[in-house]
Novice: 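Provided herewith is a single structure, encoded as structure tokens, for subsequent inquiry.
This structure is a prediction, so every number in the text was calculated from the model and none was measured.
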Amino acid sequence: MTAALSAHELIARHRSTLDQALEAIRTRAYWSPHPEHPKAYGENGSLDAAAGKAAFDALLGTRLDLGQPGTDDWVGGETSPYGLDLGVTYPHADLDVLLPAMKAGQRAWRDAGAEQRAVVCLEILKRISDRTHEFAHAVMHTSGQAFMMAFQAGGPHAQDRGLEAVAYAYVEQVRTPDNAEWTKPQGKRDPLAMTKQFTPVPRGIGLVIGCNTFPTWNGYPGLFASLATGNAVLVKPHPRAVLPLALTVQVAREVLAEAGFDPNLVALAAEHPGEGIAKTLALRPEIRIIDYTGSTEFGDWLEANARQAQVYTEKAGVNTVVVHSTSDYKGMLSNLAFSLSLYSGQMCTTPQNLLVPREGISTDQGPKSYDEVVADLAKSVDGLLGDDARANALLGAIVNPDVKARLEAAAGLGEVALASREIANPDFPGAVVRTPVIVKLDGAKPDAEAAYMSECFGPVSFAVAVDSAADAAELLRRTVREKGAMTVGAYTTDPEVEQDVREVCLEEAAQLSLNLTGGVYVNQTAAFSDFHGSGGNPAASAALCDGAFVANRFRVVEVRREA
């Protein structure tokens with residue numbers, strides 16, 4: 001295959017970015033090569049806002065032909081949570097044709113080496129970045145995120161996570177040298193001398209099972225971790241969020257071909273309605289790595305049944321915030337209100353349970369009773385979302401009917417401190433937009449436990465009255481141990497309480513945010529610095545990203561001979 005992009009050209013173009021990423025994961029300092037502001041695009045080949053919107057509009061109602069082998073039908077059916085029928089159709093694959101074709105290119109990809117694979121991945125990410133405005137509309141109209149969130153989380157933040165995975169993959173592969181000379185003295189006899197060659201060898205085909213809410217942000221780490229370590233990657237999108245990942249596959253195939261590699265190293269597996277192809281794929285012997293984001297039920301099934309594969313899951317948890325005391329009461333309320341409202345709580349990191357001592361908390365505004373804390377939080381959410389235009393920009397749209405049903409049912413679980421209300425979106429009359437509900441529960445009552453010990457994904461939070469800070473720490477421990485948590489938050493001015501909560505999180509492997517009152521929120525993580533999940537509690541079997549997330553996607557094979 002003739003390469004239009006030489007290895008030398010790609011290394012010259014992207015090596016400095018790779019080096020900066022390597023330094024960022026070493027220092028954990030802020031860094032990103034992908035601009036967050038929409039106005040930063042429009043030069044050097046990138047699409048500006050108008051061109052990106054036009055590119056997205058041009059996709060509607062079309063057939064997205066990726067040139068994959070084994071296409072036996074065309075499938076589609078995505079409807080935007082904002083009411084738009086996308087009308088895009090995608091190739092449906094005969095797996096017995098597609099999977100062997102994907103394996104055919106792995107030898108050349110393996111032999112290219114870690115550096116060349118890394119810079120090819122960076123070229124893919126650069127071309128995706130140039131189309132960030134187009135991708136933002138695709139993410140918005142499949143996930144229900146408001147545009148700015150879709151632009152940032154689905155664009156630069158997702159691209160950062162992909163680059164982060166490439167950096168970790170590179171580090172782990174070059175940890176072992178390519179060649180070594182080995183000499184063992186034998187006293188009066190001649191020494192034993194060997195030459196040894198070490199090659200990172202991919203496991204096989206990686207399967208990325210995409211999610212509905214964050215198709216790129218959650219999909220890119222596994223995709224690029226597997227690709228950068230030499231594996232082919234089959235992308236199985238969520239049926240309601242195919243377009244962002246289909247565009248990703250399209251870009252990847254173009255770059256691979258231009259770089260002289262088999263484009264079938266990356267392919268798409270779209271499905272008929274109700275086909276349930278994920279289970280079929282997960283058990284195929286060719287699939288050796290699985291990355292999954294979604295429900296606990298299916299994640300547990302994958303871990304139990306896909307025995308031939310290394311399985312990395314991000315499932316569900318019950319995220320908890322301990323509210324004990326604060327030196328910035330207003331800042332605490334504002335920070336929590338934003339965290340509960342962002343994307344209608346449809347994030348795996350959104351707080352669900354707020355543990356508040358029943359006798360109240362101490363603040364810079366004096367003592368506040370449990371009832372006052374909950375009422376003030378409700379007022380803060382109301383104030384944040386009081387303007388409908390601002391509310392639409394923060395809430396986005398409800399992604400599916402199950403979320404709406406849980407929201408409506410939550411009001412019957414306890415005393416409602418903040419009722420959910422419907423908001424009209426003038427730009428998209430078909431959008432289902434709802435504000436959060438906050439329900440008061442008594443942590444000592446057994447009938448309340450069924451509610452707060454179960455994940456209620458969506459804009460639903462429980463203000464759980466507990467007996468003391470020690471009681472809150474113990475409930476936090478039990479929640480993380482039994483149900484898992486992607487995030488934990490705590491507000492306290494007491495060093496002993498802080499230490500107790502910290503110790504719980506260390507022992508139960510949960511990521512902790514303390515006393516957030518400004519512009520950083522418990523449900524946000526920064527690539528190259530923050531770990532998303534830990535892999536140490538039931539919410540997820542892996543962290544995004546660390547060495548463990550990439551190192552087992554390849555094995556090192558040694559060839560040795562006498563010198």
Novice: If only atom types and distance count, is the side chain of R288 paired as donor or acceptor with the main-chain N or O of G204 below 3.5 Å?
Specialist: no
Novice: Counting N and O atoms only, with roles assigned by atom type, does the side chain of D402 sit under 3.5 Å from a partner on the main chain of A405, one being a donor and the other an acceptor?
Specialist: no
Novice: Can you sort out the partners of H324 under ring pair (Phe, Tyr, Trp, His ring centres under 6.0 Å), two or more places apart, ordered by chain and number?
Specialist: none
Novice: Assert yes or no for the condition that the ring centre distance of F147 to H137 is strictly below 6.0 Å.
Specialist: yes
Novice: To the nearest 0.5 Å, how far apart are CD1 in I289 and CD1 in I205?
Specialist: 10.0 Å
Novice: Going by salt bridge (Lys or Arg N to Asp or Glu O under 4.0 Å), name the residues that satisfy it together with E23, two or more places apart in sequence or in a different chain.
Specialist: R26
Novice: Would you check if N392 and I423 make a side-chain contact, meaning some heavy-atom pair closer than 4.5 Å?
Specialist: yes
Novice: What are the two closest heavy atoms between L333 and S380, and how far apart are they?
Specialist: O-OG, 3.3 Å
Novice: Check whether S454 reaches the backbone of A451 with its side chain - one donor and one acceptor, N or O, closer than 3.5 Å.
Specialist: no
Novice: Which heavy-atom pair separates T350 from S339 by the least distance, and what is that distance?
Specialist: CG2-O, 3.6 Å
Novice: Taking C-beta and beyond as the side chain, do L514 and E498 meet within less than 4.5 Å on heavy atoms?
Specialist: yes
Novice: Determine yes or no for a side-chain-to-main-chain donor-acceptor pair under 3.5 angstrom, with T216 supplying the side chain and G154 the backbone.
Specialist: yes
Novice: Taking the side chain as every heavy atom from C-beta outward, state whether V373 and I361 have any pair of such atoms under 4.5 Å apart.
Specialist: yes
Novice: Evaluate the side-chain proximity of F224 to V233: yes if any heavy-atom separation is below 4.5 Å, no if none is.
Specialist: no
Novice: Does a donor on one side chain and an acceptor on the other come within less than 3.5 Å for T313 and S541?
Specialist: yes
Novice: Please test L418 against L377 for side chain to side chain contact (heavy atoms under 4.5 Å, CB included), starting from the C-alpha separation and ending with a verdict.
Specialist: CA-CA 9 Å; L418 175 66; L377 178 58; over 6 Å; no
Novice: Check E303, E455, E297 against K315 for a side chain to side chain donor-acceptor pair (under 3.5 Å) and give me the one that passes.
Specialist: E303
Novice: Can you list the residues that meet the salt bridge (Lys or Arg N to Asp or Glu O under 4.0 Å) rule with E78, with sequence neighbours excluded?
Specialist: none
Novice: Using 0.5 Å steps for rounding, measure from the CG atom of L441 to the OG atom of S461.
Specialist: 11.0 Å
Novice: Decide yes or no for P436 and V460: does some side-chain heavy atom of the first lie under 4.5 Å from some side-chain heavy atom of the second?
Specialist: no
Novice: For T293, check side chain to side chain contact (heavy atoms under 4.5 Å, CB included) against everything at least two apart and list the hits.
Specialist: C211, N218, E314
Novice: If you look only at pairs with a residue in residues 138-151, which of them pass as a salt bridge (Lys or Arg N to Asp or Glu O under 4.0 Å), with sequence neighbours excluded?
Specialist: none
Novice: Who passes ring pair (Phe, Tyr, Trp, His ring centres under 6.0 Å) against Y521, sequence neighbours left out?
Specialist: F338
Novice: Give the intermediate values and the outcome of salt bridge (Lys or Arg N to Asp or Glu O under 4.0 Å) for residues K440 and D371.
Specialist: CA-CA 9 Å; K440 297 165 73 172; D371 287 334; 2.7 Å; yes
Novice: Does K236 have any salt bridge (Lys or Arg N to Asp or Glu O under 4.0 Å) partners at least two apart in sequence or in another chain, and if so, which?
Specialist: E271
Novice: With the side chain counted from C-beta on, respond yes when D291 and L207 share a heavy-atom pair under 4.5 Å apart, and no when they do not.
Specialist: no
Novice: Counting C-beta onward and ignoring hydrogens, is there a side-chain heavy-atom pair between D467 and R358 closer than 4.5 Å?
Specialist: yes
Novice: Apply side chain to side chain donor-acceptor pair (under 3.5 Å) to T479 and T320, showing your working.
Specialist: CA-CA 8 Å; T479 302; T320 301; 4.7 Å; no
Novice: F298 vs W301 aromatic rings, parallel, tilted or perpendicular, using cut-offs 30° and 60°?
Specialist: parallel
Novice: Less than 4.5 Å apart, side chain to side chain, heavy atoms only: is that true for L223 and V235?
Specialist: yes
Novice: Can I get a per-line list of side-chain donor-acceptor pairs under 3.5 Å for residues 481-488, giving both atom names and the distance, sequence neighbours left out?
Specialist:
from: R481; atom 1: NE; to: E508; atom 2: OE1; distance (Å): 3.3
from: R481; atom 1: NE; to: E508; atom 2: OE2; distance (Å): 3.2
from: R481; atom 1: NH2; to: E508; atom 2: OE2; distance (Å): 2.5
from: T487; atom 1: OG1; to: T349; atom 2: O; distance (Å): 2.9

Novice: Scan for ring-ring contact (aromatic ring centres under 6.0 Å, His included) pairs involving residues 527-553, sequence neighbours excluded, and state none if there are none.
Specialist: W31-F528, W217-H532, Y312-F549
Novice: Would you call R478 and E449 a salt bridge, using N to O less than 4.0 angstrom?
Specialist: yes
Novice: Walk me through whether K330 and D376 qualify under salt bridge (Lys or Arg N to Asp or Glu O under 4.0 Å).
Specialist: CA-CA 9 Å; K330 182 179 179 181; D376 288 344; over 6 Å; no
Novice: Establish, from distance only, whether the side-chain atoms of S226 and R553 form a donor-acceptor pair under 3.5 Å.
Specialist: yes
Novice: Any side-chain to backbone donor/acceptor pair from S529 onto R28? Under 3.5 Å, distance only.
Specialist: yes
Novice: Using modelled atom types only, decide if a donor and an acceptor are shared between the side chain of N335 and the backbone of V520 within a distance under 3.5 Å.
Specialist: yes
Novice: With no hydrogens and no angle check, just 3.5 Å: does a side-chain donor-acceptor pair link D160 and Y220?
Specialist: no
Novice: So which atom in L125 and which in G162 form the shortest heavy-atom distance, rounded to 0.1 Å?
Specialist: CD1-C, 3.9 Å
Novice: Give the table of side-chain donor-acceptor pairs shorter than 3.5 Å for residues 406-415, with sequence neighbours excluded, one pair per line with atom names and distance.
Specialist:
from: R406; atom 1: NE; to: F457; atom 2: O; distance (Å): 2.9
from: R406; atom 1: NH2; to: F457; atom 2: O; distance (Å): 3.2
from: E408; atom 1: OE2; to: K404; atom 2: NZ; distance (Å): 2.9

Novice: Who are the salt bridge (Lys or Arg N to Asp or Glu O under 4.0 Å) partners of R555, not counting sequence neighbours?
Specialist: none
Novice: Hey, which of M149, Q346, H157 is the one that makes side-chain contact (heavy atoms from CB on, under 4.5 Å) with F214?
Specialist: M149
Novice: Between atom OG of S327 and atom OH of Y491, what is the distance when rounded to the nearest 0.5 Å?
Specialist: 11.0 Å
Novice: Is Q173 reaching over with its side chain to a backbone N or O of A228, donor-acceptor style, under 3.5 angstrom?
Specialist: yes
Novice: Which atom names give the shortest non-hydrogen contact between R240 and V399, and what distance separates them?
Specialist: NE-O, 4.5 Å
Novice: Looking at every non-hydrogen atom in both residues, tell me the closest pair between L245 and P215 and how far apart they are.
Specialist: CD2-O, 3.4 Å
Novice: Please check if any side-chain donor atom of T525 sits under 3.5 Å from a side-chain acceptor atom of R161, or the reverse.
Specialist: yes
Novice: Going by side chain to side chain contact (heavy atoms under 4.5 Å, CB included), name the residues that satisfy it together with R284, two or more places apart in sequence or in a different chain.
Specialist: L95, D96, L99, E286, I287
Novice: Could you tell me whether the side chains of D328 and T326 share a donor-acceptor contact shorter than 3.5 Å?
Specialist: no
Novice: Checking the side chain of T132 only, and the main-chain atoms of S129 only, is there a donor and an acceptor separated by less than 3.5 Å?
Specialist: yes
Novice: Taking atom types as modelled, find out whether Q352 and N319 have a side-chain donor-acceptor pair closer than 3.5 angstrom.
Specialist: no
Novice: Is N212 reaching over with its side chain to a backbone N or O of H238, donor-acceptor style, under 3.5 angstrom?
Specialist: no
Novice: Donor-acceptor pair, distance only, cut-off 3.5 Å: does the side chain of Y370 make one with the backbone of V356?
Specialist: no
